[in-house]
Amino acid sequence: MTDRSSEAAAEPGTPPHSGESDAPEPEAEAPGQGVSRGGVPAQGADPSGGEAPPEDSGSSEDSGPHIPDVPAYLKAPPPPADPWRRRSPGQPPGLLTRLRPSGPPAIGLATLWSALATGLLSALLLGDGLGPNLLLVAVPAALAAHFAARAAGRRLRPWTAVWAVGGLALLAIPALRDAGWPTFLAVVSALAVGSLALHGGRSWPGVLMGSWGLLTSVAAGVRWGWRGLRDRVDGSRGRVGTAVRSAAVALALLVVFGALFAGADAAFADLLSSLTPDVSLGGGPWQALLFALGLFGALAAAYTAAAPARWDTLTVKPGRARRRAEWALPLIVLDLLFAVFLGLQLVVLLGGYDKVLEKTGLTPAAYAREGFWQLLWATVLTLVVIALALRWAPRGGPRDRTLVRSVLGALCVLTLVVVASALRRMGLYVEAFGLTRLRISVAAVELWLGVVLVLILLAGVFGARLLPRAVAVSAAAGVLVFGLVSPDGLVAGQNIGRHDKGMAIDIDYLRNLSADAVPALDTLPEPLRSCALERIQRTLATSDTPWYATSWGEARARDILAANPARSHGADCLALGQSADERGGRGGTGDEWGDDGDVNP
């Protein structure tokens, strides 16, 4: 027999030859054999060549079924899963893990101190209201993000600087204005813009998700900070103890000598009380909550700055491209409808206004109010139609691009005219009944929608790469301008202007404005001035807000009322409130429900 069979048997993974062979067959190895195939000692074999001692197979009594020592119903249940434990390697990663593939480096000491300072300032300053204290709290939080980003090797990009500067500018609104509604809009917008500064974002998913993505980093940021603090305390117990003792001695010296100096001089006591935050046991839970919010927020910002989620990696697949006729026909019909409506508006504007009012039986104010809300919703729905049309637009070549730009460009231009018509109707209504908070707010929203339409037109000409960020910038800029112009001051000034022209004024509405309206209301003649300012003066007299929670508008109102206080005119003020404009069977300029059930803007 040839050696072919032996060669085949020697090859790994090749089955031995089934026929007879001249070579002797190897003897079968016993279970305790010490040499495996290939001359390598088997597991459990003695390296010296001897046989390994046989394992104790147990007595013959163990050959039956195994009986546990403790019954199953007496065993303790397994411990619950630890929610703080990291995901096991075999488990598929979640969405946030895929968007944030690399974790941040260990938290630095500067980041920890900045986050702790943010929590302390939040507990000490934010409990008395909002004002310049928001800027003071934002500074250490921004430093925590800066230190964490620098430790992770991130660079400051131009758009990051734009978002950061915009966020700080928005936080200046609470320091300037006393009115709560522009302050709320500014704070929410500042949080969104600050989140964009940490995440970045170029696409629509990046801008939309990145504006609130900071919330997804709160839990991870707290775990990251706790691990870093624990590691540092374990490695430097002596230095931490020294720092704690030094801080305790410094605090004790400040308390003792500060109390002595305050008791020795009344002026120093007043200065110390105005500069020192009010810390009381009764407000302990509220201050603890503010401390936690500030600390957790700063840690989330630092964690995001070190390891941001890449929301731009989320992609929205475009819809199935439609045929040209199928896509263009509904939009062309909509363009024609817009053109007919705007042509009628032009005819009414040039000379048919009185005929329309005579035919419909409406007053000029009712005609204006009746159309504004419908035109506002038409603008919003047009933006939705444009977004859906772009999703299913034909994408075959240059002709398709030209068709899309022509049809949607015409729709945007016609919608801009609708925006102008809506603002004109609001102007007519304001001339008839005066300006209110709701009317100035919806007019600002309509104006911003017009800006968005202009940005869409520019994107159709120059490209849509910057469109998501441009829309976000326009929204933040709109909120900033809205707060800077002092809406309550504008409302008071417009109603006073109507009164100067001989029209009635709604004192009941004006007295409910904030302290931002005091400079305009101060120009009214008596007794209108005192009737409008009496309630604001009483509110300011009963409030004892410290300097860090006092806005510039409130401080200016205090100075005006201190120089020329409002006097009490109880009966006269009641009569003035009853003689306000009649609208829909009810008096006043305020935002209320009309007889037809519609909201009067």
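Identified under the salt bridge (charged side-chain N to carboxylate O under 4.0 Å, His left out) test for residues 461-486, with sequence neighbours left out: none. Applying the salt bridge (charged side-chain N to carboxylate O under 4.0 Å, His left out) test to residues at least two apart or on different chains, none of the pairs has a partner in residues 401-411. Among pairs with a residue in residues 389-399, none fulfils salt bridge (charged side-chain N to carboxylate O under 4.0 Å, His left out), at least two apart in sequence or across chains. Pairs passing the salt bridge (charged side-chain N to carboxylate O under 4.0 Å, His left out) check and including a residue from residues 545-556, sequence neighbours excluded, read Glu554-Arg558.
For Thr550, the side chain to side chain donor-acceptor pair (under 3.5 Å) criterion is met by Thr545, not counting sequence neighbours. Residues satisfying the side chain to side chain donor-acceptor pair (under 3.5 Å) test with Ser217, not counting sequence neighbours, are Arg100, Thr304. In this structure Ser406 satisfies the side chain to side chain donor-acceptor pair (under 3.5 Å) test with no other residue, sequence neighbours excluded. In this structure Phe291 satisfies the side chain to side chain contact (heavy atoms under 4.5 Å, CB included) test together with Leu116, Leu120, Ala123, Leu295, sequence neighbours excluded. Taking the side chain to side chain donor-acceptor pair (under 3.5 Å) definition, one finds that Ser203 meets it with Asp312, sequence neighbours left out. Every residue two or more places apart in sequence or in another chain that forms a side chain to side chain contact (heavy atoms under 4.5 Å, CB included) with Val407 is listed here: Trp327, Leu331, Ile332, Asp335, Leu403.
Side chains of Trp159 and Val473 form a contact here, defined as non-hydrogen atoms less than 4.5 Å apart. Annotation: side chain of Ser195 is not in contact with side chain of Trp212 (no heavy-atom distance under 4.5 Å).
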Can you give each donor-acceptor pair under 3.5 Å made by side-chain atoms of residues 163-190, sequence neighbours left out, with the distance rounded to 0.1 Å?
unit_1, atom_1, unit_2, atom_2, d
Arg177, NE, Gly483, O, 3.0
Arg177, NH2, Leu484, O, 2.7
Asp178, OD2, Ala515, N, 3.1
Trp181, NE1, Asp488, OD1, 3.4
Thr183, OG1, Ala179, O, 2.9
Ser189, OG, Leu185, O, 2.8

For residues 443-458, tabulate all N or O donor-acceptor pairs below 3.5 Å that involve a side-chain atom, not counting sequence neighbours.
unit_1, atom_1, unit_2, atom_2, d
Glu446, OE2, Thr379, OG1, 3.1
Trp448, NE1, Ser474, OG, 3.1

